[in-house]
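When a residue number appears, it is its place in the shown sequence, counting from 1. In each ligand, atom 1 is the first atom listed, and ligand 1 is the first ligand listed.
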Amino acid sequence: MNYVDEILQRVKEQNPAQPEFHQTVEEVLESLRPVIDRNEEAYRRNAILERMTAPDRAIQFRVAWVDDQGQAQVNYGYRVQFNGAIGPYKGGLRFHPSVNMSIMKFLGFEQTFKNSLTSLPMGGAKGGSDFDPRGKSDREVMRFCQAFMDELYKYVGADMDVPAGDIGVGAREVGYLFGQYKRLTSRYEGMITGKGMSYGGSLIRPEATGFGAVYYVNEMLKSFGDSIEGKTFAVSGFGNVAWGTVQKVTELGGKVVTISGPDGYIYDEDGINTEEKINFMLEMRASGRDKVQDYADKFGVPFFPGQKPWGVKADILMPCATQNEIKMPEAEQIVANGTKYYVEVANMPTTNDAMAYLKKNGVIVAPSKAVNAGGVAVSGLEMSQNSMRYNWTAEEVDAKLKQIMKNIYWNSFNAAKEYGMEGDLVAGANIAGFQKVVDAMMAQGVV
Ligand code: 2IT
């Protein structure tokens, strides 16, 4: 049997009932086929794909905490340290009721390639909990974060594994997690990123994922002889990533007409383009209501309950919410609308069949592991600053981020071209990310 097919079967057998993990492995390995065919003997002999698809370790633990009513609560906590070949483990923590081992493994696997693409020395990891921050008091969130760190501190550290935020984990949670780590270990070190500016954070980290995504789009459009100026964008989500994206698109002369939440989407014909509107996204997030309808109520624009914005005609679509938001029906709608550019910003927002359909029908698809790598890249720069005990200015960090995103675009573009798949940015990102990790694994022997 072909090596890739063998591994796909093996991953399914060894990880039953983990569909998101199967999905990402399939997506990545399918596009790596030409690379693997060229090196099959060496890869097989060194069990590269078997090792690449098995996490270095996957930790699951109980998080017991007490709510404001005095009731004991129990959640599951996770940390999946997927691949440590090119640096200390690095990746965010997600607090959301949907979190389970499949989601953690999918995100950790993706993170390995993404971190490699940034060119910074970071291995891949992910963690989190099925804790639902919605409706919790600040004190409950603090107690939960402390209980979570009571176990996690054993596995993390500045030179071992450096978590960060993701869905449900922002500046507040990072602060509580950092404080508890310090209390437990007596160590003041950069063991988590996304920290506040008063205790070791980096300027531009809050904006980095969205800004980086738009820098990637800018480079991509330029390479197609196009530009952001005057283009219409449909964005989903209204969290940190959507916020950074809307800001930078607006600054570069594009117009964002939608954002969405679990309750539906809003359509702002004039664009989400004033400081008041953009700042309101932060207010909606901080309110903990998780409702985008608040935007429609405040600014008097249409709200479409229970719907996603993918039926809207826009030049560029940027899903910034969560995984598997675009399935076949949405993909068909996107193609029917004549959309030219589809830019994944959330991690794996597209099912594999929808992705194949978009590509087959001539939509230019940019993959999340390249597009959203600016977030973790600036996390890497936060680590550098912590190690130096020094801070760069916003301009310095932003310039580095811009350069990193430009390199990611061209490294992906060139990798695809080298394997006869010119213009396939998805395959290019997978190949470029994979190559560095494989080189490091080969050099370090069978471990
Ligand atoms: O998905 C991601 O890349 C993140 N949530 C950010 C990870 C990080 O370590 O900054």
### Task
Name the orientation class of the two ring planes belonging to Phe82 and Phe109 (parallel below 30°, tilted from 30 to 60°, perpendicular beyond 60°).
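Perpendicular, since the angle between the ring planes exceeds 60°.
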Heavy atom of the protein closest to [atom] (residue, atom name, distance):
{"atom": "atom 10 (O) of ligand 1", "value": "Ser379 OG, 2.5 Å"}
{"atom": "atom 7 (C) of ligand 1", "value": "Gly92 N, 3.5 Å"}
{"atom": "atom 6 (C) of ligand 1", "value": "Arg205 NH2, 3.6 Å"}
{"atom": "atom 9 (O) of ligand 1", "value": "Lys90 NZ, 2.7 Å"}

#### Entry: Any residue meeting salt bridge (charged side-chain N to carboxylate O under 4.0 Å, His left out) with Arg94, in chain and number order, not counting sequence neighbours
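Salt bridge (charged side-chain N to carboxylate O under 4.0 Å, His left out) check on Arg94 returns Asp166.
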### Task
Measure the spacing between OG of Ser412 and CE of Met220 and express it to the nearest 0.5 Å.
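It comes to 11.5 Å.
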#### Entry: Nearest-0.5 Å distance, NZ of residue Lys136 to CH2 of residue Trp65
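With rounding to 0.5 Å, NZ (Lys136) is 5.0 Å from CH2 (Trp65).
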With heavy-atom distances below 4.0 Å as the criterion, list the atoms of ligand 1 near [X].
{"X": "Lys114", "result": "1 (O), 2 (C), 3 (O)"}
{"X": "Asp166", "result": "1 (O), 4 (C), 5 (N)"}
{"X": "Ala164", "result": "8 (C), 9 (O), 10 (O)"}

### Message
Could you tell me if Lys182 sits above the aromatic ring of Tyr153, with its cationic atom closer than 6.0 Å to the ring centre and no more than 45 degrees from the axis?
### Response
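Pair Lys182/Tyr153 does not count as cation-pi.
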#### Entry: Single hit among Tyr155, Phe95, Tyr78 for ring pair (Phe, Tyr, Trp, His ring centres under 6.0 Å) with Phe148
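That would be Phe95.
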### Task
Check Val63 against Tyr76 and note the closest heavy-atom contact, atom names and distance.
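In terms of heavy atoms, the two residues are closest at CG2-C, 4.3 Å.
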### Query
Do Tyr199 and Phe178 have their ring centres less than 6.0 Å from each other?
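Ring-ring flag for Tyr199/Phe178: true, centres closer than 6.0 Å.
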Does at least one non-hydrogen atom of [X] fall below 4.0 angstrom from an atom of ligand 1?
{"X": "Lys126", "value": "yes"}
{"X": "Gly165", "value": "yes"}
{"X": "Gln111", "value": "yes"}

### Query
Any idea which part of Asn347 is under 4.0 Å from ligand 1, heavy-atom wise: side chain, backbone, both or neither?
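Under 4.0 Å from ligand 1, Asn347 contributes side-chain atoms alone.
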